[in-house]
Amino acid sequence: MGTGTGWFVAAAGAAWAEVLLAAVLLRVRGGRGGTGSAGAVPGPAALALLRGGRRAAVTVALVALHQRGAVAAGRKHTIRANGGPGRTRDPVQLGVHRSLRNALDLRALGRRPEARRAVDGLRAELGRAGRRA
């Protein structure tokens, strides 16, 4: 992992395993989102949603955004947007980034309507592909 990811662990209050899983998923899949074609391996956010739920999917999206410099540490264990979301088409990353109009902690970020809609959309896409989230 690159330098500067310690803020993320403090902001998320998550275990190192969750952050490492997110980074591994992003490296293995190349940061591609969505479920892809039928039978294809789901993207990192989809795998996180299947394995760990809404919070895990938001965490993976935040790691991807952080790797591109689109989010940064805020004050008192919060996360803030740091410019635009970059060239991503991943709906979860876009929803999470849109949710960061103000600095938020991970729990509040997962409850924002933009992030919830994005994760719910991914859940529906996985349902249509025959995967349970």
Side-chain angles (χ1 to χ4, degrees):
M1 258 191 267
T3 61
T5 56
W7 69 267
F8 185 75
V9 174
W16 272 103
E18 187 174 333
V19 174
L20 288 174
L21 173 64
V24 168
L25 287 173
L26 288 168
R27 289 199 188 277
V28 169
R29 295 288 298 150
R32 288 174 279 168
T35 58
S37 60
V41 176
L47 289 173
L49 179 62
L50 289 169
R51 180 72 174 126
R54 178 182 308 278
R55 183 175 176 166
V58 170
T59 301
V60 168
L62 280 171
V63 170
L65 289 166
H66 175 64
Q67 287 178 338
R68 283 195 307 280
V71 297
R75 291 185 178 185
K76 297 184 182 179
H77 306 288
T78 61
I79 306 155
R80 62 176 173 79
N82 192 27
R87 301 179 100 180
T88 184
R89 289 186 180 179
D90 181 31
V92 177
Q93 291 178 31
L94 291 171
V96 165
H97 190 271
R98 279 191 299 266
S99 296
L100 288 171
R101 287 188 291 267
N102 299 319
L104 299 169
D105 65 4
L106 182 62
R107 185 170 293 159
L109 178 59
R111 290 191 303 247
R112 295 285 304 169
E114 299 91 342
R116 288 184 68 85
R117 278 193 295 271
V119 174
D120 290 345
L122 178 58
R123 182 175 280 129
E125 185 180 341
L126 287 169
R128 287 190 298 274
R131 296 180 173 99
R132 293 188 72 180

| task | Return yes if some donor-acceptor pair links the side-chain N/O of R80 with the main-chain N/O of A73 below 3.5 Å, else return no. | result | yes
| message | Check whether H77 reaches the backbone of L104 with its side chain - one donor and one acceptor, N or O, closer than 3.5 Å. | response | no
| Closest contact, heavy atoms only, A57 versus A45 | CB-O, 3.8 Å
| Nearest atoms (heavy-atom pairs only) where V71 meets L62 | CG2-O, 3.9 Å
| message | With rounding to the nearest 0.5 angstrom, report the CG to OG1 distance, L65 to T88. | response | 7.0 Å
| said: Tell me the closest heavy-atom pair linking A81 and H97, and the distance in Å. | reply: CB-NE2, 3.9 Å
| message | Evaluate R68 against Q93 for side chain to side chain contact (heavy atoms under 4.5 Å, CB included), listing each step before the verdict. | response | CA-CA 11 Å; R68 283 195 307 280; Q93 291 178 31; 2.6 Å; yes
| message | I'd like to know if L100 and L94 are part of one continuous hydrophobic network [Ile/Leu/Val/Met/Phe/Trp/Tyr, side-chain heavy atoms within less than 4.5 Å]. | response | no
| query | Looking at CD1 of I79 and CG of N102, how far apart are the two atoms once the value is rounded to the nearest 0.5 Å? | reply | 13.5 Å
| field | A48 to V60 - nearest heavy-atom pair and separation | value | CB-CG2, 3.4 Å
| query | Does R128 have any side-chain contact (heavy atoms from CB on, under 4.5 Å) partners at least two apart in sequence or in another chain, and if so, which? | reply | A124, E125
Per-pair distances, 0.1 Å, donor-acceptor, side chain in residues 111-119, under 3.5 Å, sequence neighbours excluded:
{"residue": "E114", "atom": "OE2", "partner": "R101", "partner atom": "NH1", "Å": "2.9"}
{"residue": "E114", "atom": "OE2", "partner": "R101", "partner atom": "NH2", "Å": "3.0"}

| What distance do L49 atom CG and D120 atom CG have between them, rounded to the nearest 0.5 Å? | 9.0 Å
| task | With rounding to the nearest 0.5 Å, note down the distance linking CG in L109 to CZ in R55. | result | 10.5 Å
